[in-house]
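Here is how names work: the chains are called A, B, and so on, in the same order as the sequence lines, proteins then strands, and each is numbered from 1.
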Protein chains: 2
Amino acid sequence: MTRRKVKLAFISSNSARKASYNKRKRGIIKKVRELTVLCDVPGCIIISNPFNPDETAVFPDREGAMQVIERYRNTAMKDESKNVNQQSFLLQRITKGREKLERLRHDNHEKETGIRMLDCIQNNKLPDNLSIPDLHDLDKIVEKNLKEIENKLVQLNLSN
Amino acid sequence: MTRRKVKLAFISSNSARKASYNKRKRGIIKKVRELTVLCDVPGCIIISNPFNPDETAVFPDREGAMQVIERYRNTAMKDESKNVNQQSFLLQRITKGREKLERLRHDNHEKETGIRMLDCIQNNKLPDNLSIPDLHDLDKIVEKNLKEIENKLVQLNLSN
DNA sequence: GGAGCTATACTTAGTGA
DNA sequence: TTCACTAAGTATAGCTC
């Protein structure tokens with residue numbers, strides 16, 4: 001009907017862009033599926049939705065894509081530069097976190113000791129359990145964060 | 001020239017499969033690039049090479065793909081656990097706030113009506129403007145709180 | 001093996017319901 | 001909004017070199 005030649009540039013019209021996005025997304029996913037079947041090749045694709053950030057198009061699915069990505073990471077190990085950086089970054093964070101945790105533990109210990117001493121002086125005996133919830137909670141939060149970072153690092157190591 | 005209809009199945013001929021793989025791979029990457037430009041969307045694709053496991057086709061490149069993947073991981077995780085709860089919590093607060101506001105408005109209206117009637121009776125005319133500052137202020141405070149909560153929710157949605 | 005060609009199949013922009 | 005339609009543009013199977 002009309003001219004249909006499209007130049008390769010951002011489509012400024014909101015509705016036109018959305019229409020194009022949906023059609024092309026479907027087309028691409030179809031083609032990827034065809035390729036994986038025709039050639040029996042693992043492949044994946046991830047495309048964000050510009051109109052709904054919650055919805056990301058993924059082929060073949062979340063898990064399948066992650067498998068392909070992991071495999072890719074494994075084989076692409078030679079290209080170490082980036083992961084090494086990422087790894088050293090995480091190691092740095094772990095070190096800092098551990099230091100912070102140590103400081104907290106030290107502080108807590110001092111405070112506990114002080115309280116124990118006071119208690120000892122007042123009651124003339126040392127209690128078995130002394131609960132300082134706030135301090136321990138802080139401790140736990142830091143520890144939990146560290147665990148998360150460590151898990152990330154472990155995943156990274158496994159995938160390298 | 002000859003039949004070109006291709007059924008969606010593994011191509012057994014080695015050479016034909018390789019030819020098809022190379023042509024289609026190029027086509028797909030071209031289409032993904034077009035989509036990312038036309039719609040300004042982050043997207044990536046990873047396709048293994050069936051003939052050379054060391055060589056994996058990646059768009060836009062290793063780092064770009066990893067960025068897309070990380071973003072996808074983060075947003076996918078966030079949604080499931082954290083934001084859903086936070087969001088429903090905020091929605092609950094908005095609903096309750098709206099109900100409270102409605103009750104206040106209803107009360108105000110009744111009071112206004114009562115005062116207008118009194119005024120009408122005393123002066124034998126209906127005033128155009130009747131200011132009841134205290135009630136209106138209360139109204140505004142509630143509304144302001146609601147706005148703040150709604151803004152939070154909007155931000156949350158945008159960041160997803 | 002890949003490069004180039006061409007006829008055909010497929011994709012999709014624009015449109016209207 | 002999303003569907004279906006269709007013309008025009010694009011991708012590619014099969015071929016030759």
Quiz item: Without hydrogens or angle criteria, can the side chains of A/Asn14 and A/Arg17 be said to hold a donor-acceptor pair below 3.5 Å?
Solution: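 Side chains of A/Asn14 and A/Arg17: pair found under 3.5 Å.
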Practice problem: Would you mind reading off the bend of the helix from C/dG2-D/dC17 to C/dA17-D/dT2 from its two end axes, five pairs each, to 10 degrees? | Solution: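 One end's axis against the other's: 30°.
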Answer whether the closest heavy-atom distance between the side chains of [X] and [Y] falls below 4.5 Å.
X       : Y       : value
B/Arg71 : B/Gln67 : no
B/Cys44 : B/Ile69 : yes
A/Tyr21 : A/Ile47 : yes

Are [X] and [Y] joined in one hydrophobic group, where the rule is that I, L, V, M, F, W and Y side chains link up if heavy atoms are under 4.5 Å apart?
X       : Y       : value
A/Ile28 : B/Phe59 : yes
A/Val58 : A/Val68 : yes
A/Leu38 : A/Ile29 : no

[atom1] of [X] versus [atom2] of [N]: gap in Å, rounded?
X       : N      : atom1 : atom2 : value
B/Lys7  : C/dT8  : NZ    : P     : 21 Å
A/Tyr21 : C/dT12 : OH    : P     : 13 Å
B/Arg24 : D/dA11 : CZ    : C1'   : 8 Å
A/Ile11 : C/dT12 : CD1   : P     : 12 Å
B/Asn22 : D/dA13 : CG    : P     : 11 Å
A/Leu8  : D/dT10 : CG    : P     : 11 Å

Quiz item: In residues 27-49 of chain A, which residues come under 4.0 Å of DNA chain C by heavy atom?
Solution: A/Gly27, A/Lys30, A/Lys31
Quiz item: Under 4.0 angstrom, heavy atoms only, what part of the nucleic acid is A/Lys18 near: base, sugar-phosphate, or nothing?
Solution: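 Answer is sugar-phosphate: A/Lys18 comes under 4.0 Å of backbone atoms only.
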Practice problem: Specify the residue among B/Ala19 and B/Lys23 whose closest nucleotide of DNA chain C lies further upstream toward the 5′ end. | Solution: B/Ala19
Practice problem: For C/dT11, take OP1 and OP2 only and decide whether either is under 4.0 Å from a side-chain N or O of A/Arg26. | Solution: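 Answer is no, no contact under 4.0 Å.
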Quiz prompt | Co-members of the apolar cluster containing B/Phe10 [side chain, <4.5 Å] | solution =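 Hydrophobic cluster check, B/Phe10: no partners found.
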Quiz item: When rounded to the nearest 0.5 angstrom, what distance separates CZ in A/Arg73 from CD in A/Glu70?
Solution: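 Interatomic distance, A/Arg73 CZ to A/Glu70 CD, rounded to 0.5 Å: 5.5 Å.
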